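Take a look at the structure below.
Side chains are part of it too, since the values below use all heavy atoms of this structure and drop only hydrogens, waters and symmetry mates. The model shown is predicted, which means the values in this text are computed figures rather than measured ones.
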Amino acid sequence: LGIFDIRYNSQKLLCKSEKMGGGIWRIQWHPEFDDKILLAVMHGGCRVVQLEYDDFKPVPKIIKEFTKHESMAYGADWLVNEDNTIEAAASCSFYDRAAYIWNTK
């Protein structure tokens with residue numbers, strides 16, 4: 001996972017994480033919290049990443065993994081109610097045509 005600052009013409013790389021467990025197919029920022037990202041990482045399942053900051057630079061940390069997909073996870077999105085008391089994700093995989101709803105906390 002690489003995060004760029006597109007305000008600069010050079011598209012300055014702000015951070016680059018270690019491997020996430022597979023190729024990232026889908027990236028979804030959390031609808032309320034700008035420090036959480038949901039990833040569908042193909043053969044690695046899905047990941048919830050929290051951005052922590054070190055000297056004002058974001059450092060991605062995996063805080064939750066979902067690995068029940070039996071083929072490539074290629075779709076993922078957040079499910080959050082209006083007052084943020086419930087937070088989950090919906091994800092789907094390709095060859096087995098499976099869909100899951102799972103707790104992200």
Side-chain angles (χ1 to χ4, degrees):
L1 175 66
I3 298 177
F4 294 86
D5 187 342
I6 60 172
R7 296 175 297 178
Y8 299 98
N9 287 336
S10 65
Q11 292 196 0
K12 180 180 175 182
L13 181 64
L14 294 178
C15 73
K16 184 177 179 184
S17 70
E18 297 298 318
K19 296 184 190 294
M20 289 287 151
I24 297 173
W25 187 271
R26 175 87 57 213
I27 300 172
Q28 290 292 111
W29 289 89
H30 193 281
E32 293 293 324
F33 306 115
D34 60 1
D35 63 344
K36 288 176 90 173
I37 306 170
L38 176 62
L39 305 173
V41 293
M42 298 197 324
H43 295 290
C46 296
R47 308 282 185 271
V48 176
V49 174
Q50 181 92 41
L51 296 178
E52 298 175 357
Y53 290 86
D54 182 21
D55 255 351
F56 300 103
K57 290 187 177 185
V59 179
K61 301 283 185 192
I62 297 171
I63 59 171
K64 182 80 174 192
E65 295 183 357
F66 182 80
T67 57
K68 290 188 180 180
H69 289 289
E70 295 180 12
S71 71
M72 292 190 310
Y74 71 95
D77 205 351
W78 294 99
L79 301 170
V80 180
N81 67 346
E82 290 181 15
D83 60 357
N84 286 318
T85 57
I86 298 173
E87 178 185 285
S91 59
C92 57
S93 47
F94 190 70
Y95 295 112
D96 62 351
R97 296 174 285 186
Y100 292 93
I101 295 176
W102 48 279
N103 186 356
T104 58
K105 290 184 177 182

Among the clusters formed by ILVMFWY side chains lying less than 4.5 Å apart, do Tyr53 and Trp29 turn up in the same one? yes
Without swapping roles, check the side chain of Ser91 against the backbone of Ala76 for a donor-acceptor pair under 3.5 Å. no
From Gln28 CD over to Asp77 CG, what is the distance, rounded to the nearest 0.5 angstrom? 4.5 Å
Under the criterion side chain to side chain contact (heavy atoms under 4.5 Å, CB included), I'd like the reasoning laid out for Leu51 against Ile37: C-alpha separation, chi angles, the key distance, then a yes or no. CA-CA 8 Å; Leu51 296 178; Ile37 306 170; 4.2 Å; yes
Going hydrophobic residue to hydrophobic residue with side-chain gaps under 4.5 angstrom, can you get from Leu38 over to Val80? yes
Roughly how far, to the nearest 0.5 Å, is the NE2 atom of His43 from the OH atom of Tyr74? 13.5 Å
Is the closest basic N to carboxylate O distance between Arg47 and Glu65 below 4.0 Å? yes
Partner set under side chain to side chain contact (heavy atoms under 4.5 Å, CB included) for Met42, not counting sequence neighbours: Trp25, Met72
Please check if Ile63 and Phe66 belong to a single hydrophobic cluster, counting links between Ile, Leu, Val, Met, Phe, Trp and Tyr side chain heavy atoms closer than 4.5 Å. yes
How long is the straight-line distance from OH of Tyr100 back to SG of Cys92, given to the nearest 0.5 Å? 11.5 Å
Asp83 meets the side chain to side chain contact (heavy atoms under 4.5 Å, CB included) criterion, sequence neighbours left out, with Asn81, Thr85
Applying side chain to side chain contact (heavy atoms under 4.5 Å, CB included) to Lys36 and Glu87, what does each step give before you reach the verdict? CA-CA 12 Å; Lys36 288 176 90 173; Glu87 178 185 285; 2.8 Å; yes
Linking directly or through intermediates, with side-chain heavy atoms under 4.5 Å: list the remaining ILVMFWY members grouped with Phe33, chain and number order. none
Determine yes or no for a side-chain-to-main-chain donor-acceptor pair under 3.5 angstrom, with His30 supplying the side chain and Glu32 the backbone. yes
Is there a donor-acceptor contact under 3.5 Å from the side chain of Ser71 to the main chain of Asp96? yes
